[in-house]
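Atoms within a ligand are numbered from 1 in the order they appear, just like the ligands themselves.
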Amino acid sequence: MVGIQPAAQVTSWLVTGRVLFLTIHLLGVLCFFYIVAMRMVPLLRGERDFRFDRPFVRLGRVLKFWLGQWKQPRYKLAGTIHIFIFAGFIVLAIRAFSVLIVGVSENFVMPGLSGRAGPIYDIITDYAATIVFLCMVIAVIRRLVFKPARYAVPARYGKAHTADAVFLLALIALLMVADSLFAGVKAAAQLQSGHPAEMLAAFSLPWILRNALVSTPLPVLGALFFGAYLVHELTFYFLLCYRPFGIQFHVETSLFNIYFAKLDREILKPVRWGVSDEHLDQVKSFGVKTFEDFTWKHMLDFYSCADCGRCSDNCPANAAGRPLSPRFITIKARDYSFRHYPVLGRANNGAALIGSKDSGGIYSEDEIWSCTTCGACEAECPLLVEYIDKIVDLRRGMVDDGNVPQSLQKPLKALESRGNPYGKMEKKKADWANAKEFQQTCRVKTLDQRNGADTLYFVDSITSYDDRMQAIGRATAKILNHVGENFGILGAAEKDSGHEVRRFGEETLFMALRDHNVDAIKASGVRRIVTADPHAYNALKHDYKDVPPVEHISQVIATEVKAGKIKFNPVENENNVYTYHDPCYLGRHNQIYDDPRNVLDAIPGLKRVEMTRSRDRSFCCGGGGLMLFYEPKEEQRMGVKRVQMAAEAGANVMVTACPFCMVNIEDAIKVAGLEGKMTAIDLAELVDQHIVRDVLA
Ligand code: SF4
Ligand code: SF4
């Protein structure tokens with residue numbers, strides 16, 4: 001090297017650089033692999049999880065969500081910073097590797113970079129190091145000065161994570177400075193010696209440092225060169241070995257987490273992977289009770305969380321002040337794993353996860369019951385961390401132990417004995433269709449051996465028995481009738497779809513309801529199913545097997561509008577401004593966003609505005625997961641927040657396409673004091689009101 005000694009040749013404390021750096025490399029690599037091996041121990045003890053299918057689909061998702069950072073721009077500033085840091089790391093990976101080897105073999109050049117490609121790559125990496133450094137500075141300022149609310153740690157979840165985050169950001173910044181100093185000093189020494197200097201990217205950190213040091217005496221440059229190299233090495237390995245102790249572990253695990261992420265998100269995890277329903281009676285215990293009951297992939301999720309807070313920022317339960325924050329479901333489990341599976345020392349495991357801190361628990365019962373399984377957390381997480389399956393598994397564990405909230409015991413008993421959570425008589429199931437006035441406009445047949453039909457209208461419990469929701473049932477039937485559908489209902493033979501029961505964790509009760517309904521549907525001989533209830537839709541589509549294809553009524557209407565079978569009269573009240581609230585089990589869980597909107601837009605004169613939180617960022621009304629029967633502790637009702645969002649968007653009519661949403665929204669309008677200013681209507685009701693009846697005549 002010109003003017004200064006290569007780091008490998010410097011002798012200090014009677015040790016040559018080569019020996020010193022080789023020792024650092026070996027120790028660093030050994031430590032890293034040992035720590036990672038210890039981190040894998042709980043995964044090896046975890047439950048099975050089948051994540052090895054469809055490798056090409058999985059690779060495609062790695063390209064999209066890991067390499068392409070697909071979800072990052074959902075938060076513009078933080079997302080952009082992350083993309084720059086990630087891209088910088090990818091670009092710098094080869095340079096970091098080369099720099100490490102140079103400490104042992106000073107003339108090493110990465111294969112492929114000895115020719116013209118070398119200087120070009122160097123220029124790119126100069127900028128990459130500079131950008132990463134600047135991103136670190138911005139990130140530290142954001143953390144310390146602007147303090148985004150989603151990074152805050154409520155007192156009940158422990159200490160703030162700011163110090164740890166800033167420490168890690170500072171370490172990465174130090175690594176970038178050391179890397180740039182190494183390159184800048186080398187170029188400054190070359191200039192001083194009158195030799196052609198390596199080209200540095202203009203205005204990059206190495207370029208700035210070179211210009212600042214160009215008149216520094218060569219011996220000082222030599223010391224700086226060695227020092228920069230040593231700092232780079234120590235920081236690199238310290239970071240490598242420190243990351244598995246905290247949130248930065250996601251740097252190592254994220255690629256695997258995304259590769260093994262759940263492909264069929266809409267399908268709930270089975271009680272035990274590899275155990276069929278018929279053999280479930282051989283499973284000793286259902287659900288997750290101890291940490292080791294989580295699957296290995298769910299444990300990998302815990303390691304992969306970047307603590308960005310996006311899940312909780314979008315969680316309606318968290319927003320309503322319920323004792324649930326998905327981010328801390330993960331962080332608490334990760335900390336539990338670190339505590340019980342230490343890097344040094346014996347693993348001590350087996351404590352129940354639900355319970356007080358004193359008894360070793362990390363979750364409270366209320367926390368786990370507070371989730372509506374809306375899926376907002378999963379839709380937002382850039383690392384595809386899963387929540388619903390874990391929460392349902394924790395509930396399965398509680399139900400298995402007979403640990404069920406008081407208010408839910410009655411509806412569950414009623415579901416068991418009567419097939420509906422209200423405890424109403426089966427023979428009253430079709431009463432909604434027998435109202436005299438309704439029968440004059442539309443006759444709904446009950447399917448049996450004598451009365452067959454092409455299409456089954458699956459009504460489900462809430463629409464069958466709730467006085468208000470029966471109007472949705474009647475509107476749906478009238479629409480099907482209008483388009484000439486040969487349809488019928490199961491009447492007393494239909495039991496609750498079991499959708500909520502399953503998400504509540506009562507798997508055996510769900511299986512009983514499902515099996516009964518599947519038999520009844522098969523016996524009816526129908527070729528397709530229509531429902532106006534997104535929960536029933538989701539159950540029939542994803543939780544049931546061997547039933548005819550199912551459509552939500554909004555899909556049917558959208559198709560018929562397109563085909564010209566449904567035409568609309570204009571809206572009468574021109575002052576009405578409509579907004580569509582996406583039900584979670586229609587939108588996020590089944591990606592039906594456009595059909596309901598297309599239907600609304602087909603009604604002449606209908607003014608529609610979009611709420612800020614819409615489509616896959618829709619805000620749950622609070623009604624899912626048997627929540628109609630469970631009063632969680634909360635500061636403000638989710639539904640109230642939702643109607644306030646509608647009012648802020650300038651709407652005075654909320655349209656939804658789910659009876660559960662309707663219950664919550666109508667109730668929330670009253671609680672929010674918006675009666676007379678805001679109304680709610682189901683899409684089927686709105687369509688029924690505006691349909692031009694004589695089109696088919
Ligand atoms: S599914 Fe919904 S309610 Fe449950 S943790 Fe996720 S965002 Fe919160
Ligand atoms: S689970 Fe995902 S969204 Fe939530 S804090 Fe972790 S990385 Fe962020």
Quiz item: Checking R39 against F245: charged group under 6.0 Å from the ring centre and within 45 degrees of the axis?
Solution: yes
Quiz item: Distance only, no hydrogens: is a donor on one side chain within 3.5 Å (strictly under) of an acceptor on the other, for E266 and N590?
Solution: no
Practice problem: May I ask you to check whether Y537 and D460 show a side-chain donor-acceptor distance below 3.5 Å? | Solution: no
Practice problem: With D393 as reference, evaluate R502, K297, K269 under the salt bridge (Lys or Arg N to Asp or Glu O under 4.0 Å) test and give the passing residue. | Solution: K269
Quiz item: Which ligand 2 atoms does A306 reach within 4.0 Å, using its non-hydrogen atoms?
Solution: 6 (Fe), 7 (S)
Self-check item: Region of D301 that comes within reach of ligand 2 [heavy atoms, distance under 4.0 Å]
Solution: neither
Quiz item: Backbone N or O of A320 within a donor-acceptor pair of the R637 side chain at under 3.5 Å?
Solution: no
Quiz item: Should the heavy atoms of other residues, nucleotides or ligands under 6.0 Å from CZ of F256 be counted, would the total exceed 12?
Solution: no
Practice problem: Please identify which atoms of ligand 2 are closer than 4.0 Å to at least one heavy atom of D307. | Solution: 5 (S), 6 (Fe)
Quiz item: Going by the atom numbers of ligand 2, which of them fall below 4.0 Å from some non-hydrogen atom of C305?
Solution: 1 (S), 5 (S), 6 (Fe), 7 (S)
Quiz item: Name the residues in contact with ligand 1, where contact means a heavy atom under 4.0 Å away: which are they?
Solution: C315, P316, L324, P326, C371, T372, T373, C374, G375, A376, C377
Practice problem: Could you note down all residue pairs passing ring-ring contact (aromatic ring centres under 6.0 Å, His included) where residues 386-408 supplies at least one of them, sequence neighbours left out? | Solution: none
Practice problem: Using a strict cut-off of 4.0 Å, indicate which atoms of ligand 2 neighbour a heavy atom of G309. | Solution: 5 (S), 8 (Fe)
Exercise. Identify which one of W296, F50, F65 satisfies the ring pair (Phe, Tyr, Trp, His ring centres under 6.0 Å) criterion when paired with F260.
Key: W296
Exercise. May I ask you to decide if S254's main-chain N or O and W66's side chain share a donor-acceptor pair within less than 3.5 Å?
Key: no
Exercise. Go through ligand 2 atom by atom and flag the ones less than 4.0 Å from a non-hydrogen atom of V385.
Key: 1 (S)
